[in-house]
Amino acid sequence: MKIATWNVNSLRARADRVEAWLERSDCDVLAIQETKCKDENFPWELFERMDYEVAHFGFSQWNGVAIASRVGLENVERTFPGQPEFGKGGVNPEQEARAIAATCNGVRVWSLYVPNGRALDDEHMPYKLEWLDTLKNGAEGWLAADPEAQIALMGDWNIAPQDDDVWDIDLFVQERLTHVSAPERAAFHAFEEATFKEVVRPFNPGPGVYTYWDYKQLRFPKKEGMRIDFVMASPALASRVTGAVIDREERKGKGASDHAPVIVELTD
DNA sequence: ATGGTTGTACGACAA
């Protein structure tokens, strides 16, 4: 079985590329982030045509997550328990469309779009950290309830856990940029301390291996990217992983998302 | 050339 995650940066703008990619990648499950649409605008026919079931969670032009599967799609869950709202205590607190889960052929798949902290001193940063901590606590509970659970926490984590996960760590530190700060990295490593294993890196070691390249400043041709898309697997799922691929080719050409798809192969 | 983009409520804001 092959499961994948991909921040498509608008599913409607990317519909043709997503369809072509599904066709050639031969993936059984695709966790999608940044659909940037509501259900009424969602390209349901695309997935019908390709014989995938699909579940979507999106209620505005922002965020939006989905899971497509051709090996079953059961017990769909939108948001994780206690998922923080942004602007809590403000006028319009909003629980954003950043997490959806479904069980696909025995694997509990979460499509996650971790909040962007925007700046180290921005109010989105504590939101991001609380969001991750709450998810981690929940995931710990799922494993405590069933240590053999096969859980895939996959998506755009908006964190670069190691210095060589960005093209120039000195620049990030000097400019006080997000994604590489100690609190963000600690929030990421907390999942590993909770016995989840990031299963993409071992098959795709750096330096210079990325999953995202900014549209601006010719980042892709200059090979200046970031490794911020990950698959965190529970121990039982991690033991099934036989390979992982970052599909850098998909970042090429006109009309590409700024993120590459990330595929994980599992034994039966 | 010292900036270079792309997506979304069409236009300011997010990444």
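A, B, ... follow the sequence lines: proteins, then strands. Residue 1 opens every chain.
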Peer 1: Assign A:Y113 to base, sugar-phosphate, or nothing according to its heavy-atom contacts below 4.0 angstrom with the strands shown.
Peer 2: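 Since only primed, P, OP1 and OP2 atoms lie under 4.0 Å of A:Y113, the category is sugar-phosphate.
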
Peer 1: Strictly distance-based, threshold 3.5 Å: is any side-chain N or O of A:S257 a donor or acceptor partner for the main-chain N or O of A:N7?
Peer 2: yes

Peer 1: Both conditions, 6.0 Å and 45 degrees, for the charged tip of A:R227 above the ring of A:Y210: are they met here?
Peer 2: no

Peer 1: Suppose you measure atom P in B:dT2 against the same atom in B:dT8; what distance do you get, rounded to whole Å?
Peer 2: 30 Å

Peer 1: Please state the C1' separation for the pair B:dG11 and B:dT6 - nearest whole angstrom.
Peer 2: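 After rounding to an integer number of Å, I get 14 Å for this pair.
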
Peer 1: Please enumerate all protein N or O atoms sitting under 3.5 Å from an N or O of nucleotides 3-6 of chain B, with distances to 0.1 Å.
Peer 2:
unit_1	atom_1	unit_2	atom_2	d
B:dG4	N1	A:Q217	NE2	3.2
B:dG4	N2	A:Q217	NE2	2.8
B:dT5	O4'	A:Y215	O	3.2

Peer 1: Show me the donor-acceptor pairs within less than 3.5 Å that the side chains of residues 35-43 of chain A make with the rest of the protein, sequence neighbours left out.
Peer 2:
unit_1	atom_1	unit_2	atom_2	d
A:T35	OG1	A:H56	NE2	2.9
A:K36	NZ	A:N9	OD1	2.9
A:D39	OD1	A:H56	ND1	2.7

Peer 1: Please identify each residue that fulfils side-chain contact (heavy atoms from CB on, under 4.5 Å) with A:N105, with sequence neighbours left out.
Peer 2: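 Per chain and number, A:N105 pairs via side-chain contact (heavy atoms from CB on, under 4.5 Å) with A:M1, A:V71.
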
Peer 1: Separation of A:K254 atom NZ from B:dG7 atom C1', in whole Å?
Peer 2: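 Result: 13 Å.
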
Peer 1: Below 3.5 Å between N/O atoms, which protein atoms pair up with nucleotides 10-12 of chain B? Just atom names and distances, please.
Peer 2:
none

Peer 1: Listing request: all salt bridge (charged side-chain N to carboxylate O under 4.0 Å, His left out) pairs with a residue in residues 19-32 of chain A, at least two apart in sequence or in separate chains.
Peer 2: A:E19-A:R49, A:R24-A:E250, A:D26-A:R70, A:D28-A:R70

Peer 1: For A:I169, what residues pass the side-chain contact (heavy atoms from CB on, under 4.5 Å) criterion, not counting sequence neighbours?
Peer 2: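 Partners of A:I169 under the side-chain contact (heavy atoms from CB on, under 4.5 Å) test: A:D163, A:V166, A:F172, A:V173, A:V180, A:R185.
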
Peer 1: When you measure from the side-chain N and O atoms of A:R12 to the phosphate of B:dG7, is any distance below 4.0 Å, counting only OP1 and OP2?
Peer 2: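 Checking A:R12 against B:dG7: no side-chain N or O falls below 4.0 Å of OP1 or OP2.
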
